[in-house]
Amino acid sequence: MYEVKLDAFNGPLDLLLHLINEFEIDIYDIPMKELTQQYMQYVHAMKQLEINIASEYLLTASELLMIKSKMLLPNSNQDELLEEDPREELVEKLIEYQNYKSYVLMLKEKQQERDKIYTKPQSDLSHYEKNENLSDDVSLDLTDLIIAYQKLKTRVALKKPTTVNIKKETYTIQQSTQYIYKQLECSDAITFFDLFHFNESTEHVVTHFLALLDMAKSGFIQIRQIQAFQNIEISKGVNYVNKHS
């Protein structure tokens, strides 16, 4: 004896769902006459082909005939709404089976996705482990962590290649000194801001500072500031006449 899956149907419920979908039958309002007729045609076809019919197909056929016969009997109850529908148990089985089919399809899709993933066997990494015996009272202060971080930044900075752009000096201290002398020719005293047009480069400003310090040290000019944050006054020094002459 052997079993044959007729048209790839996995049991009678699968066949019933196929018939319901093919003939567009409402599963909640099954016309038992049409459904039973179509189902019996499949059963007779299996007999004609001399296929060994599974007992579950014959059992379902008898259940369909019983439900059909119950629906043909006259209703003795006056209130039809309270009468139990003989199709109710069959509908519950079909819906449950339909849900199972959906779950099976979903699991097959998940399996197909999983089959596309390849995993690497577990490797023994024990030889990379270090045996370090740490004391139980080991603690890390936030200050120590910050200091360690700053040391790391310094070490990284030292390893980075640095580039220095050396430019030729374009404005010399001698030029700045001559410029200051010219300003003092017209006046006995000038302010620090009189030396600038406020569009000079940083190099220009620094050169003026160095020239003023050098001239003040040599006594060519005097620098004074009466109060803090006031303008700086520059006047001729004791050696100004001798230098200029």
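The basis for the numbers below is simple: all heavy atoms, side chains too, and nothing from hydrogens, waters or symmetry mates.
A 4.5 Å side-chain heavy-atom check between Ile234 and Thr191 finds every atom pair outside the cut-off. The closest side-chain heavy-atom distance from Thr207 to Thr172 is not below 4.5 Å. For the pair Tyr42/Tyr57, no side-chain contact is recorded, criterion being any heavy-atom separation below 4.5 Å from C-beta on. The side-chain heavy atoms of Leu73 and Ser69, taken from C-beta on, include no pair separated by under 4.5 Å. By the 4.5 Å heavy-atom criterion applied to side chains, Ile117 and Arg114 are counted as neighbours.
Residue pairs meeting the side-chain hydrogen bond (donor to acceptor under 3.5 Å, both in side chains) criterion with at least one partner in residues 212-226, sequence neighbours excluded, are Arg224-Glu233. Legend: salt bridge (Lys or Arg N to Asp or Glu O under 4.0 Å) pairs involving residues 186-196, not counting sequence neighbours, sorted by first then second residue: Asp188-Lys236.
Atom CG of Leu210 sits about 11.0 Å away from atom NE2 of His208, to the nearest 0.5 Å. Lys182 NZ to Ile190 CD1: the interatomic distance, rounded to the nearest 0.5 Å, is 13.5 Å. Atom CG in Asn239 sits 11.0 Å away from atom CE in Met215 (nearest 0.5 Å). In this structure, Leu212 CG and Ile221 CD1 are separated by 4.5 Å, a value rounded to the nearest 0.5 Å. Taking OG from Ser235 and OH from Tyr240, the interatomic distance works out to 11.0 Å, rounded to the nearest 0.5 Å. Atom CG of Leu16 sits about 5.5 Å away from atom CG of Leu94, to the nearest 0.5 Å.
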Pairs under 3.5 angstrom only: tabulate donor-acceptor contacts from the side chains of residues 18-37 to other protein residues two or more places apart or in another chain.
residue	atom	partner	partner atom	Å
His18	NE2	Glu22	OE1	3.1
Asn21	ND2	Leu17	O	3.1
Asp26	OD1	Tyr28	N	3.1
Asp29	OD1	Arg87	NH1	3.0
Asp29	OD1	Arg87	NH2	3.3
Thr36	OG1	Met32	O	2.6

Side-chain polar contacts of residues 95-102 - donor-acceptor pairs under 3.5 angstrom, sequence neighbours left out - could you list them?
residue	atom	partner	partner atom	Å
Tyr97	OH	Asn10	O	3.4
Asn99	ND2	Ile95	O	3.3
Lys101	NZ	Asp14	OD1	2.9
Ser102	OG	Gln98	O	3.2

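Between Ala216 and Ile223, the shortest heavy-atom distance links the atoms CB-CD1, 3.9 Å. Closest approach of Gly11 to Glu56, counting heavy atoms only: CA-OE2, 4.2 Å. When all heavy atoms of Glu88 and Glu84 are compared, the pair lying nearest together is OE1-CG, 4.2 Å.
For Leu59, the side-chain contact (heavy atoms from CB on, under 4.5 Å) criterion is met by Ser62, Glu63, not counting sequence neighbours. With sequence neighbours left out, the side chain to side chain donor-acceptor pair (under 3.5 Å) criterion links Lys108 to no other residue.
In Glu89, the CD atom is not crowded: 12 or fewer heavy atoms of neighbouring residues, nucleotides or ligands sit closer than 6.0 Å.
Outside the 6.0 Å centre-distance limit, the rings of Tyr179 and Tyr171 are not counted as a close aromatic pair.
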